[in-house]
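To keep things clear, I will list the structure first and then write my remarks on it.
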Amino acid sequence: MRCNRSWCWALACLPALLCLLPGLALAQAPAPTPTPQRQQQLLRMLQQDCGSCHGMRLTGGLGPPIHAQAMRELPRDSIAAVIYHGRPGTPMPPWKSMLSAAEAEWLAGVLRGEEVKP
Amino acid sequence: MINTPKLWAGLATLLLAACAQTPIQGTGDLGLVVERASGSLQLLNTSTRSALGRVQGLGDLSHASLVYSRDGAYAYVFGRDGALSKLHLPSQRVVARVQQSGNSIGGAISQDGRWVVAQNYQPGGIKVFDAQDLSLVADIPAEYAPGKLSRVVGLADLPGQRFIFSLFDADEIWLADLSQPRAPRISKFSHVGHQPYDALVTPDGRHYIAGLFGEDGLAMIDLWAAEPKVQRILPGYGRGQQPLPVFKMPHLRGWAVAGRLAYLPAIGRHEVLVVDTQSWAEVARIPVAGQPVFVMAQPDGRQVWVNFAVPDYDQVQVIDTQSQRVVHAFKPGKAVLHMEFTPRGEAVWISARDSDQISVIDTRSFATLATLPAQAPSGIFFTSRAQRIGL
């Protein structure tokens, strides 16, 4: 099969392009796990900074409850996307200036109780 | 001749009586700091700049706040988990405690000190308690549509046994007259603006100002007007610019009024907005280091102190109210959450959550006068709040 040169290029580069788009990258294969030190930082952020709206025990406040029981109702990718991109029209901000897409995904796993906390 | 044994017995009785009688202890220079992660409070003394002790077992104190009885001897602590505790400062003991809701973020006390009111997220509404024993007096659900309860924010006390609060989910402000607390009378203001997130009442109890999350501007009510109504102030302060992400809601409750000017945090912008409280026109906007969370005027109104949301929350900036410029900036620790002035403002106490410490700063020289250890400290509350409207 012959293909147009530019199309071939695009197909070959597609995986790399997808990885550049964080929202799509979240749907990709498992992301690298953050280092133990970074995990500690992320957990502290979850408790303290997310906690300012969702409560330190994640039982909710101005933001909804985000404890494991509530989070297991949602797919991990959706949770990671909300952490990374925020929810327009609500006070939930995008956290992408402070964490990577992989870290957002790791946090989503923690929220769903899938990740073993260090 | 003197009967020696009888004399000794008499003296001993006198001594015992003296010991049994607790000396009267003033509370005007005391305060409490919330240790949010450990569910505890530390009792502070602002004269000796020291901690006097710790009270534990208060539940989830993330975002906890408190108000004081008018004698400054009791604190009413509103926990995130919906618990309301009454704490006796001199003895450092919890004397009453009720589980009053599922999720609360604060409360207020009536002008005469008889009623304590909690503002709740879950179930949305306010509840009125007897300040003596915390028995429930009235339950006012924030039902804005059949079966729909709004989260309540920005509760403040007003003269005349009244309370005012905002409904985040309903774009409304409600005024509750509790002069007959078992039969509250509610007046409602609707379409106040989108998503009121917090509010303040000016020190004279005249103006109620609610910040809006969902639009640029603030909602203001002149409560002295013959027919109070909502007026929009600083409308469109963003001038069409894309707002920045808001990593923490600003807190309006506090001392943001200096002289005739009010200093207010712009939401989604690195600015403090200055408005004239006579004309309600914008006077200035002051660029600051990050997104303001607390914008607090010193008791004398000479300077305004600002702290910020993550990631700029290691900094504090000080605005001179004469030049409307930032005249000092410093880093009193990691994750600065709150600032509280001593009653006459010679010092400000600043909590740094991630440094596990409180710093006491001289408001004239900016020198650090003391640092005190505290476990993940957040709100600092001095008893001088007991004598102020809206705190």
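Here is how names work: the chains are called A, B, and so on, in the same order as the sequence lines, proteins then strands, and each is numbered from 1.
- Between chain B and the residues A:S97, A:P91, A:P94, the largest count of heavy-atom pairs under 4.5 Å involves A:P91.
- With chain A as partner, the option from B:Y197, B:F168, B:Y313, B:F213 having the largest number of non-hydrogen pairs under 4.5 angstrom is B:F213.
- Below 4.5 Å, heavy atoms of chain B meet heavy atoms from A:D49, A:G51, A:S52, A:C53, A:G55, A:M56, A:R57, A:T59, A:G60, A:G61, A:L62, all part of residues 49-62 of chain A.
- Atom CZ of A:R87 sits in a sparse spot, with 12 or fewer heavy atoms from other residues, nucleotides or ligands closer than 6.0 Å.
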Please table the atom pairs, donor to acceptor, closer than 3.5 Å between any side-chain atom in residues 244-254 of chain B and protein atoms at least two apart or in another chain.
from: B:H251; atom 1: ND1; to: B:M249; atom 2: O; distance (Å): 3.0
from: B:H251; atom 1: NE2; to: B:H63; atom 2: NE2; distance (Å): 3.3
from: B:R253; atom 1: NH1; to: B:G107; atom 2: O; distance (Å): 3.4
from: B:R253; atom 1: NH1; to: B:L155; atom 2: O; distance (Å): 2.8
from: B:R253; atom 1: NH2; to: B:G107; atom 2: O; distance (Å): 2.9

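- Contacts from residues 350-357 of chain B to chain A, taken as heavy-atom pairs separated by less than 4.5 Å, involve B:R353, B:D354 in sequence order.
- Applying the ring pair (Phe, Tyr, Trp, His ring centres under 6.0 Å) test to B:F381 and every residue at least two apart in sequence or in another chain returns B:H338.
- Heavy-atom contacts from other residues, nucleotides or ligands closer than 6.0 Å to CD of A:Q41 number more than 12.
- Between chain A and the options B:D81, B:L61, B:N103, the largest number of non-hydrogen pairs under 4.5 Å is found for B:N103.
- Heavy-atom distances place the backbone of A:T90, and not its side chain, under 4.5 Å from chain B.
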